[in-house]
Amino acid sequence: MPHESAPPIRNVVICSYPGAGKTTLCEALAFSTGVIPTMGSIPQGNTMGDFEPEEVHRHHSISSTICQFEWQGTKVNIIDTPGMSDYGFEVQSALRAVDGVVLVVGASTGLRSEIERVWDLIQEHELPCLLFVNELDKERTDYRSTLAECEKTLGFTAVPITIPVIKEGTLTGVIDLISRSVITPASGTPKTHQTEISPEHQSMASEFRRRAMEQVAETNDQLVEKYLSQGEISNEDLQDGLTLGTLDGKFVPVLCGSAIRNIGTTTLFDAIQRYLPSPSDRSSLHPNIGLQPQTHDEGQRKSDPHDPFSAFVFKTTIDPFMGRLSFVRVLSGTLQADSGFYNASRQTKEKGGHLFFSVGKKHHQVNQVSAGDIVAIGKLKDTQTGDTLCDERHSIIFPGLKIARPVMSYALEVKSKNEIDKVSLGLHKLVEEDPSLEFLRNEETKEMLLSGVGQSHIDATLDKLRRKYGVEVDLHMPKVPYKETIHRMAQAQGKYKKQTGGHGQYGDCWLQIEPLPRGAGFEFHNKIVGGVIPRNFIPAVEKGVIEALQHGIVAGFPIVDIRVAVYDGSHHPVDSSELAFKVAGSMALKHALEAAHCTILEPIMSVDVLVPDDLVGTVIGDLNSRRGRIQGMATKGHNQIVKAFVPLAEMLKYAPSLTSMTAGKGSYVMEFSGYEEVPKDCLNRIVEEHKKETVSSH
């Protein structure tokens, strides 16, 4: 297939908050192109986008879906994304693969808090955007007030280019303000009818067209002159002005309709084609810049089929029938099916695989794909989400995906020990599909930990684990990895003497222990002089000390931030052995600890809470009640970031509390900061809990 015959491309992400109608809109767009014969529905669980059983059961998307089809000679690649903030990674990765956005707002529900986060991401990626006001077929919806709410909440200028046609309280079609005609769907078919605007809707159409002309004219001096002198802008000038203003982010063109009734979808398609950029338009404004792996020099790739091949992996799925599929945005060059390439991120060669275009869960094979397009590559061995693929002779690495650390963790308890390997294998595969999950074994607490962005994220993951890999686990709060340390210097002897039938056992050492600064760990020093302990037995003393440090004397936690020196002792020429000195070292440490005033240390987290201005006081009060120390504030848009240090023990159940406190408008990130001594009242509680745990385990 020669390059010249490839149709122009638009890569678009559909995003919003839960319940705005994104998946239904994607369904209507597919129906309008004739790709599907009838529209599925969310309640019936038969949409093209939400095909995973977990999505059907929950009635909302939990992963992004790629739908590729043609509209009037243009190939449109649409990525339908989840609305819940638990699945924000799906939105972030999809935004890296596209050149424009359709932001959906449900007129019946009003704006939900998640939309501000989505809008921040769109701004961060500097992507041009269209707004689609959905659900205007529902009672008590108002187009004007929804527009005003969007402008106020998100802070952009809205330029309506279609408005609803309401007859006797029912939405029947939309008015296209550019062509000045009414577009209505032909019942049960993808076709539409175009008619003249009726007299009863003429004045509203004129008012909104005037508003659009004024807003577009304001962005361009020549258009302002034309508008002021003629009182009108030609359709051509209006469309050119809309295109330029959209690309520059000066305003957001607004369309409207009802996805569920397929009203307004064809005009949305026309707007995607007309006002959102092609891959080459986008790359001329925002070049594809990466680094050369060996020299770290900056490199650039044009969205040109004749440039060297390069692509970015934005999604991975492990399909029961297709196997592993890596969804990539081809940034430059051309890729043939089954041709090899280089994974610059992992410095490995990939053999390549079959290439597929996708419509939901259906995939069809293609022979090649060129710059600007989106394609799934089958069965790559080493490639992960976020990797750069390229021609090895012209290697380049594009920036990877920023993955926020998950904040909610649970310990997993496997119902049968025989299934531990199955759980581990299954969760590692699920993490490959969704890098915003984290699965690891905590070596300190010996627990398997699963971490996610929220409760829904964790629940859906366990549902997938059960369905795909046939294993079930129980969840409980993870143990806090407490540690112990000492307050003062102490000395003690450890003497191990045992007489048996043959040789006896004899080891004798004196140790001095002293505290080290917080975070310093463990030091061991040999201060023996005169050979009272032969040099070859010193490592055995150290080994005994290290083993004894794993179980403190307050509540059995590992001991840290301690310096241990062996400075005296004695040996027996026949009975001394490595084992005897190892036991002696362990005994001496335990005796010294008893005199060194041990205490418990707890992990402290550095926490950043993003919260609307009006809820800052509530959040600060709550953090204080969790023994948090507020470190300061920073402003981000309409929000504040509250910075604090908080003990990990107080943050284990913070995610649902913050959601409840802020009605879903708050979010947070946290990372380990260091260890600090626990207050006395907490120390007693921790010791009591440890005693109970020890009794129950025996």
Side-chain angles (χ1 to χ4, degrees), residues 11 13 88-99 120-127 277-316 324 326-336 339-353 369-377 380-406 431-438 440 606 608 636 669 671-672:
N11 296 309
V13 69
F89 174 75
E90 296 282 337
V91 181
Q92 289 182 54
S93 56
L95 289 169
R96 278 290 298 274
V98 299
D99 308 304
D120 286 344
L121 285 171
I122 295 167
Q123 298 301 97
E124 200 179 297
H125 286 79
E126 299 181 51
L127 284 163
S278 68
S280 55
D281 291 338
R282 173 78 180 160
S283 77
S284 64
L285 291 168
H286 295 269
N288 301 311
I289 292 172
L291 295 177
Q292 208 282 336
Q294 279 75 38
T295 63
H296 298 288
D297 291 338
E298 200 172 87
Q300 188 174 324
R301 292 287 181 273
K302 291 177 184 169
S303 186
D304 182 333
H306 304 290
D307 248 28
F309 167 70
S310 70
F312 180 78
V313 184
F314 68 91
K315 182 177 175 66
T316 304
R324 177 199 292 271
S326 302
F327 288 86
V328 308
R329 163 71 186 264
V330 181
L331 296 170
S332 63
T334 300
L335 178 65
Q336 307 288 337
S339 62
F341 44 76
Y342 186 60
N343 182 324
S345 306
R346 300 187 188 273
Q347 299 181 1
T348 57
K349 291 180 183 179
E350 285 279 16
K351 286 182 179 175
V369 63
S370 293
D373 217 337
I374 286 171
V375 74
I377 309 175
L380 298 184
K381 193 171 164 228
D382 300 309
T383 296
Q384 305 283 345
T385 302
D387 287 356
T388 297
L389 310 177
C390 60
D391 179 337
E392 190 175 4
R393 292 162 303 173
H394 303 90
S395 59
I396 191 169
I397 297 181
F398 299 109
L401 288 162
K402 281 191 274 183
I403 305 170
R405 286 289 310 276
V431 169
E432 280 185 50
E433 292 188 87
D434 180 0
S436 64
L437 284 168
E438 199 173 81
L440 52 86
S606 171
D608 285 4
K636 186 179 180 183
V669 292
E671 58 183 34
F672 173 70

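Position 1 is the first residue of the sequence, and the numbers go up from there.
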Tell me the closest heavy-atom pair linking [X] and [Y], and the distance in Å.
{"X": "E438", "Y": "L440", "result": "OE1-CD2, 3.7 Å"}
{"X": "S332", "Y": "S310", "result": "OG-OG, 2.7 Å"}
{"X": "A97", "Y": "N11", "result": "O-CB, 4.0 Å"}
{"X": "S395", "Y": "C390", "result": "CA-SG, 3.6 Å"}
{"X": "V330", "Y": "G333", "result": "CG1-O, 4.0 Å"}

Reported [atom1]-to-[atom2] distance for the pair [X] and [Y], which is rounded to 0.5 angstrom:
{"X": "D373", "Y": "S303", "atom1": "CG", "atom2": "OG", "value": "9.5 Å"}
{"X": "Q384", "Y": "S345", "atom1": "CD", "atom2": "OG", "value": "10.5 Å"}
{"X": "I122", "Y": "E124", "atom1": "CD1", "atom2": "CD", "value": "11.0 Å"}
{"X": "I377", "Y": "R324", "atom1": "CD1", "atom2": "CZ", "value": "12.0 Å"}
{"X": "Q300", "Y": "D307", "atom1": "CD", "atom2": "CG", "value": "9.0 Å"}
{"X": "E90", "Y": "D434", "atom1": "CD", "atom2": "CG", "value": "6.0 Å"}

Within residues 380-389 or reaching into it, pairs that qualify as salt bridge (charged side-chain N to carboxylate O under 4.0 Å, His left out) - sequence neighbours excluded: R346-D387

Q336 (side chain) donor-acceptor with S339 (main chain) under 3.5 angstrom: no

L389 and its side-chain contact (heavy atoms from CB on, under 4.5 Å) partner, picked from F341, F398, F312: F341

L401 side chain reached by Q92 side chain, heavy atoms, under 4.5 Å: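 Answer no - side chains too far apart.
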
Residue pair F314 / L95, side-chain heavy-atom distance below 4.5 Å: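 Heavy-atom side-chain distance check fails, nothing below 4.5 Å.
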
Test side chain to side chain donor-acceptor pair (under 3.5 Å) applied to T383 and T348, T388, N343, T316, the passing residue: N343

Side-chain ion pair, R329 and D99, N-O less than 4.0 Å: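 So R329 pairs with D99 through a salt bridge.
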
